[in-house]
Student: 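Before anything else, here's the structure in question.
Every value quoted in this text rests on a predicted model; they were computed, and no experiment measured them. Numbers for residues simply follow the sequence, beginning at 1.
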Amino acid sequence: MLFWVLVSILGVVAAAFVIVPLYLHRNRSASDSRVSVNVDIYEERLAELQASFESGDIDEEEFAHLKTELQKNLLSDADDPEQAVHEGNTNYRGVPIAAALLVPLFAFLAYSDWGLSWGAIQDHRIAEELQSQDPHDVEDMGGTVRRLEKRLVSQPDNHQGWYLLGQSYMSMGRHEKAVEAFQHLQKSFPEDAGLLAYMAQALYLADERQFTPRVEKAVSRTLELDPRNITMLEIRAMGAIQSGRPEQALSDFRAALAAGAQGRRAQMLASVIGRLESELGIDSGAQADGAEDEVVSPGGSQRALSIRVEVENGLPITGRERVFVFARAMNGPPMPLAVQELDVADLPRTVNLDESMAMMPEMGLDDFDEVQVVARISTSGIANVSPNDFEAVSDSIDLTRDNSMITLHIKDRVGEL
């Protein structure tokens, strides 16, 4: 309400800036025009009187009397211009007033949620909701995403909305839907390397981290536009390992490191490169700073968590449900940093989480120091949480220290913890 009150006040002020000067200008113009016409008439009539006097049609006394009457009429019109102004302005005074009313009305219909919703504040609210919600809360975040989808049906050119939709699907683990959103954007921005990179990541995750033909095509196209894209080089290197081409993988990992990888990511790349060089019998010389004597398998990390997952006897489950064990940052995005999936029939079981299980680059255990581990029995069979699920949640875990086995005993429904 405060927003609309302020908008109304500003609309009135803006209209005043247009109407008042225009109104005053019309008054002055009409008045000046009327005086000019009266002067012309006076001069014309005076010339006629002068001609009549010179021709002898009227005498000097009559000429003087008629001239005096003309002068009185001219002065009378000059002293009372309001009538002339009113007559000259009657047909035009409503035009600026109508324009001042129609412009705010059009703006309201164009930009409000009750009209065309061009740039409506609702888009901003949806974006804020999506950024603050847990992607595993299927009812909460799923409802917001459906609202965004509904808006985009009537706004196919809302590029920011489509980008937000793709990112939301990525956070929720609905990678195939994320691919569709990014493909829609790609039609408008076919040469945008950043957008292509997001689509390639979505394809890679949708295809269960396999370097399928469509993933290869997307990665290759992205690297054509941006040869130093670290994530694309890493994905292509992992594809080379999967296809038994360690030399190509080594080349791509080296290129990723040289492209500017920093921090733990650079350490991981240096370790992977060292491992591949050792396997290929290549003398690598000194390893990168911070990676001495560290051997990490491709996609692995020095950070790992061991979780013992147990389930309470007597829970109302069928035994065919899926169990999702994941770590998430205590102070960071709600997206899981590492995920393992198994059958509830396999419990009790010990699960290991490490950097290789990250859903997205730079969003793994290596990138956050304080995490929380969750073990969830999904009654729906999907990762998104529902009220009928059961879960156990750990306390905060400091990854900068050595951690012993973490035990999670699942016995409570979601929301009852």
Side-chain angles (χ1 to χ4, degrees), residues 197 200-201 203-205 207-213 215-216 218-220 222-224 226-307 325 327 336-341 350-369 371 398-405:
Q201 290 181 50
L203 285 168
Y204 183 62
L205 295 172
D207 291 351
E208 299 182 351
R209 301 175 187 272
Q210 297 299 310
F211 203 64
T212 59
V215 173
E216 180 180 8
V219 170
S220 298
T222 304
L223 289 174
E224 288 178 6
D226 182 11
R228 295 175 60 83
N229 188 298
I230 298 174
T231 301
M232 297 297 99
L233 290 169
E234 291 174 338
I235 292 177
R236 191 169 70 176
M238 294 301 297
I241 290 176
Q242 293 171 2
S243 60
R245 295 179 291 118
E247 296 86 355
Q248 179 61 48
L250 178 59
S251 176
D252 284 334
F253 279 129
R254 284 173 172 171
L257 183 61
Q262 299 178 353
R264 294 184 180 276
R265 192 172 191 178
Q267 294 178 14
M268 183 192 72
L269 287 170
S271 299
V272 172
I273 291 169
R275 173 65 177 271
L276 288 173
E277 288 176 338
S278 176
E279 292 178 355
L280 295 172
I282 300 174
D283 184 7
S284 61
Q287 290 184 331
D289 292 341
E292 297 88 347
D293 301 323
E294 180 185 355
V295 177
V296 182
S297 60
S301 168
Q302 67 202 53
R303 287 185 173 181
L305 291 170
S306 294
I307 303 99
V325 184
L337 307 178
V339 183
Q340 271 274 40
E341 182 179 354
T350 299
V351 175
N352 294 316
L353 300 179
D354 58 41
E355 181 70 14
S356 67
M357 301 170 187
M359 298 179 65
M360 294 182 64
E362 299 185 10
M363 289 290 291
L365 295 177
D366 280 358
D367 301 294
F368 297 89
D369 294 334
V371 301
D398 187 353
L399 293 180
T400 63
R401 302 178 181 178
D402 292 333
N403 293 283
S404 57
M405 178 78 71

Student: Give, for atom CZ of Arg228 and atom CG of Leu223, the distance between the pair rounded to the nearest 0.5 Å.
Tutor: 12.0 Å
Student: Quick one: are Arg254 and Leu257 in side-chain contact, heavy atoms under 4.5 Å?
Tutor: no
Student: Where is the tightest heavy-atom contact between Met232 and Ala197, given as atom of each residue plus distance?
Tutor: CE-O, 3.6 Å
Student: Minimum heavy-atom separation for Ile230 and Ala256, please, with both atom names.
Tutor: CG1-O, 3.8 Å
Student: Atom CD of Glu279 and atom CD of Glu247: how far apart are they, to the nearest 0.5 Å?
Tutor: 10.5 Å
Student: Once rounded to the nearest 0.5 Å, what's the spacing between atom CG of Leu250 and atom CZ of Arg275?
Tutor: 13.0 Å
Student: Over all heavy atoms of both residues, which pair between Ile307 and Leu305 is shortest? Give the atoms and the distance, please.
Tutor: CD1-O, 3.7 Å
Student: Tell me the closest heavy-atom pair linking Phe368 and Leu399, and the distance in Å.
Tutor: O-CD1, 3.4 Å
Student: With a 3.5 Å distance limit and no angle check, can you tell me whether Gln242 reaches the backbone of Arg209 through a side-chain donor-acceptor pair?
Tutor: yes
Student: Working to the nearest 0.5 angstrom, can you tell me the gap between Ser251 OG and Ile273 CD1?
Tutor: 10.0 Å
Student: Could you tell me which non-hydrogen atom of Ala338 sits nearest to which non-hydrogen atom of Asp354, and how far apart they are?
Tutor: CB-O, 3.6 Å
Student: Check for a donor-acceptor pair, side chain of Arg236 on one end and backbone N or O of Gln248 on the other, with a separation under 3.5 Å.
Tutor: no
Student: Would you check if the side chain of Asp252 reaches a backbone N or O of Ala249 as a donor-acceptor pair within less than 3.5 Å?
Tutor: no
Student: Tell me if a side-chain donor or acceptor on Thr222 pairs with a main-chain N or O of Ala218 at a distance below 3.5 Å.
Tutor: yes
Student: How close do Pro227 and Leu233 get, counting heavy atoms only, and between which atoms?
Tutor: O-CD1, 3.8 Å
Student: Do the non-hydrogen side-chain atoms of Thr231 and Tyr204 ever get within less than 4.5 Å of each other?
Tutor: no
Student: Within the structure provided, determine whether Gln340 and Leu353 are in side-chain contact (heavy-atom separation under 4.5 Å).
Tutor: yes
Student: Check the side chains of Asp207 and Thr212 for a donor-acceptor pair under 3.5 angstrom, ignoring hydrogens and angles.
Tutor: yes
Student: Does atom CD of Glu208 have more than 12 heavy-atom neighbours from other groups under 6.0 Å away?
Tutor: no
